[in-house]
Structure formats: C-alpha cells, structure tokens
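Below is one structure, written out as structure tokens, with a few remarks after it.
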Amino acid sequence: MFKRIPGTKDILPEEVSNWQAIEEATRKIFSLYNYKEIRPPVIEEAALFTRSLGESAEIVQKQMFLIKRDEDTYALRPEGTASIVRAYLENNLDKTTGLMKVYYIGPMFRAERPQKGRLRQFHHLGSEVIGSQEPHLDVEVISLAGKLLESYGIEGYEIKINSLGCAKDKKGFTENLRVMLKDKLAKLCDDCNVRFKQNVLRILDCKNEGCIEVVKELDIRGGHLCPECKTHFDKVTDGLNSLNINYKIDPFLVRGLDYYTRTVFEIIHNGLGAQNALGAGGRYDNLVHELGGPDAGAIGFAFGMERLLLVINKALPAAAKNLVYVITLGDQAKREGLKLLESLRCAGIPSDTDYENKSIKGALRKANDLAARYVLIIGEDEIKKGIIAFKDMASGEQKEIKQTELTDYLKGLLQRG
Ligand code: AMP
C-alpha cells in the first residue's frame, strides 16, 4: 500500500471543520481591515526565490523542492511573499492599484527534517501590503495578526519585535556582528560557522545550546539604526502602545531572509515546544525594486496553520449544521426519496440519505452520528397517504407532514434557527 511522503499530512474529513473554522474567521478579520484575497500559483521559477530570499538563505540552499523540465528549473513555493511581489509587478498592479493589501491561505513546501510542527508541506495564512513605508501600516499589520489569533480563541501568545534598519544599517549590523563573533567561532556549531561567512544574522536564530550561550553574551542593543530608521521604529512602537498592544522588543530577533528590512516581528507560543513560532513577518522595503519594480515599501507576515491548530487543540465551533436525513423503506420509497432530496437541495436545505441499505434502526443511528437535525421517513404507507414522517432529533418529537407542505415547513424551522 502506498504511504504519504514523510512531512506531509492527510487532512481528514473530521479535521477539516477546524481548518474551515480558521479560514472563515480569517476571511472575516481580513475583510474588516479591507484586505482582499490573492491566489498565486504554487509553482514558480526557482530563481524568483533565490533572488528574493538570497542565495545564502537556508530555504534556498537546502529546502527548495525543485522540478527540472528541459532547460527550466521550477520550485514548489517555500513561501508566499516573493510570488506575490512577482504577481504585483507582472500584472502591473503597481501602476493600476498602487497600494495593495492582500491575504492568502495555501500550501508551502520546504524540504526540512520533519518533526512536530515542522512539515514538508504545510500551510501559510498570511498577508502582504505593498506600496507604503508608513510606520502605522506596521502597526495595522501587527494588530491584525493579534486580532486573527483572538478570533481563533488563541491566548497566551507573545509578540516580539525588532528593527533591522535599512539595507545600510543591516550591513553595519552584520559587520559588527562578525567582529563580535570572530573570536568565538570554535564555540559555534558547524552550521553557524558556515553562517558566519554567508548569513551571519542567522546565528542569532540558532537553536543549538552552545550557540545560544555565545549569542546571549553579545552586546546587541539596537544601536545600529540610522536616525530615519530609529524614528520609523519609534513610531511603530508608539502606535502599538496607543492601541494597548502587548509586545516585547527583542534586539536579538532577526529574520534570515535577505529581503527583510526595518520592522521584523515574530509571534511565539509556549504551548508549541521547540518550534515555538506561530508566525512571523516584517518589512521588505527593497524587494519590489530588486525584482524590477519601483521603490515601494512593503510588509507582510504569515502564520503556520498547522501550528495554530496545535495550539487550539480542540474542536472549534462548526458552522451551524442543519442536516435533514432522509430514510426510505422499500424500492418505491427510494425513488420518492431521490426526488425529495432533490427538492430539499433546490430549496437550499442541506440533506442526505442512506446509500448503504441500512435497516431503519441503522439508518437512524447514522442520522444521529451525522448530527442530523431532522429525519424524514418515507415508506409505502406514507406514499399512499401523501405524507412524510418527520422526527426532530433533539426533542424526539414525531409527526406527519403533508408532502406538499414539507419544504416550506422545514424552511420555516431552519429560518427560526
Ligand atoms: P517563516 O516563513 O519561516 O517565517 O514561517 C512563518 C510561519 O510558518 C512559522 O512561524 C511557522 O508557524 C510556519 N512554518 C514555517 N515552516 C514550517 C514548517 N516546515 N512546517 C510547519 N510550519 C511551518
């Protein structure tokens, strides 16, 4: 028998309702903030990610699922930002829309070592705003991320923020870090020794005990910001304060991708274990230009949906279910049942029937398992009399209803809630 690939998951029918509940809450919150959905393809030219995320990014070096066809190399997208900037430019939205506020929900692919909270196919729920450097936009995005978590009923999360500064500040910070670390290389892990040459900021993110010890001792206090970036960050924190949003400034917070500048943030939750980030994001003010577009400030973030679900860890209230279950007794009744289902569905009443030839007892049990609200029973007698036997599953009430009046009767009941 075939097995799924390690690091992928089957989201089974009984789990899907939680996914849908999250998606529904997400759409509501995003529309409250006037964000529209965008759906770029899951496959892109690999070079888009190499260019955007940076040659030395771990995702690019080790984790991209590549597909070669003839001369072309494609990648299953490891993240959404680069695709969305590509879509923004390719579709001339910089010229037609200007500021674009979008969100997306969909699968991402990274060839990581699978473990709890770390999959090879996982799902991002994220947003991107392209076309503004305004610090209050950062405040909106961080506040929106919090609102999303609240709408899923998630508590106990922590928002950490930092500013990497502009490209020049970031370069200065990187050089400074190299100076501070160059005598400590022996204490760093092999990966960090490579990072020292290629992507020194990433060392601050390393989860290796020895590296954490070294990093802890570094004198990093956010002093790398130029006056403009400092003012920008002050406005962000001031805005967050004015909205009473709890956050912690973490000067050690960096994002390993080349495109990040200025504000970066991460939302962690202790219920997650080692992989404790629910989501993360930040500004990428140079990426649009890097990919051939105008100078346009931009900011985005993404939550990992599987991690949200790990924290929620219970069934979310499903959308009201009003299933009507039709049970038929005998061949003639089956034919009537087929027509009845059609008329119920045409009237917008969710309905189903037994396709497994169960006994009436078995079919009633099935109706119960499906949490059907009402059961309709048709047998020879009912057909002769032009009626349907009706049962309210919650109250147990049973009665006969004229076939001609049934849909209106049910509609009335369902409208009343
Ligand atoms: P990133 O783009 O790496 O900052 O990811 C944003 C969020 O996506 C993280 O905070 C996680 O919640 C989630 N995430 C990232 N990588 C994975 C993965 N391999 N498996 C599951 N979730 C992930």
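As the structure lists them, so they are numbered: ligands from 1, and atoms in each ligand from 1.
Of all the atoms in ligand 1, the ones that sit under 4.0 Å from a non-hydrogen atom of R255 are 1 (P), 4 (O). Listed by number with element, the atoms of ligand 1 under 4.0 angstrom from any heavy atom of G279 are 10 (O). Close approach of ligand 1 to G117 (heavy-atom distance below 4.0 Å) involves ligand atoms 20 (N), 21 (C), 22 (N).
Using 4.0 Å as the threshold, H123 has no heavy atom nearer than that to any atom of ligand 1. In this structure, E306 does not count as a contact residue of ligand 1, since none of its heavy atoms falls inside 4.0 Å of the ligand. Using a 4.0 Å heavy-atom cutoff, E112 is listed among the residues neighbouring ligand 1.
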Discussion item. Go through it in stages, so that I can follow the logic: the residues are F30 and Y103, the test is ring-ring contact (aromatic ring centres under 6.0 Å, His included), and I'd like the CA-CA distance, side-chain angles, deciding distance and then a yes or no.
Written reply: CA-CA 7 Å; F30 274 117; Y103 72 94; 4.5 Å; yes
Discussion item. Using the rule given for side-chain contact (heavy atoms from CB on, under 4.5 Å), can you reason through N246 versus I159, listing the C-alpha separation, both sets of side-chain angles and the distance that settles it, and then say yes or no?
Written reply: CA-CA 7 Å; N246 280 325; I159 304 176; over 6 Å; no
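Residue, atom and distance of the protein heavy atom nearest to atom 11 (C) of ligand 1 are R307 NH1, 3.4 Å. Given atom 13 (C) of ligand 1, the protein heavy atom at minimum distance is G304 CA, 3.5 Å. When only non-hydrogen protein atoms are considered, atom 20 (N) of ligand 1 lies nearest to L119 N, 2.8 Å. With respect to atom 14 (N) of ligand 1, the closest heavy atom belonging to the protein is F122 CE1, 3.6 Å.
Which of Q275, K9, Q63, R110 comes nearest to atom 16 (N) of ligand 1 through a heavy atom is settled by distance: it is R110.
Taking any N or O of A277, backbone or side chain, at least one lies under 3.5 Å from an N or O belonging to ligand 1. At least one N/O-N/O distance between H124 and ligand 1 falls below 3.5 Å. Note: no N/O pair closer than 3.5 Å links A302 and ligand 1 by distance alone. In terms of polar-atom proximity, F303 is not counted as a contact of ligand 1, lacking any N or O under 3.5 Å from an N or O of the ligand.
Between K160 and E158, none of the side-chain N atoms (NZ, or NE/NH1/NH2) sits under 4.0 Å from a carboxylate O, so this pair counts as no salt bridge. Salt-bridge formation is not detected for the pair K339/E342: no Lys NZ or Arg NE/NH1/NH2 atom is positioned less than 4.0 Å from an Asp or Glu carboxylate oxygen. Using a 4.0 Å cut-off between charged nitrogen and carboxylate oxygen, D369 and K366 do not count as a salt-bridge pair.
The 12-atom threshold is exceeded at CD of E15, counting heavy atoms of other residues, nucleotides or ligands nearer than 6.0 Å.
Side chains of N276 and K207: no donor on one and acceptor on the other come within 3.5 Å. Using modelled atom types and a 3.5 Å distance limit, the side chains of S52 and E290 yield no donor-acceptor pair. Side-chain contact of Y374 with N322: a donor-acceptor pair under 3.5 Å is absent, judged by distance alone. A donor-acceptor contact closer than 3.5 angstrom links the side chains of Y33 and S143.
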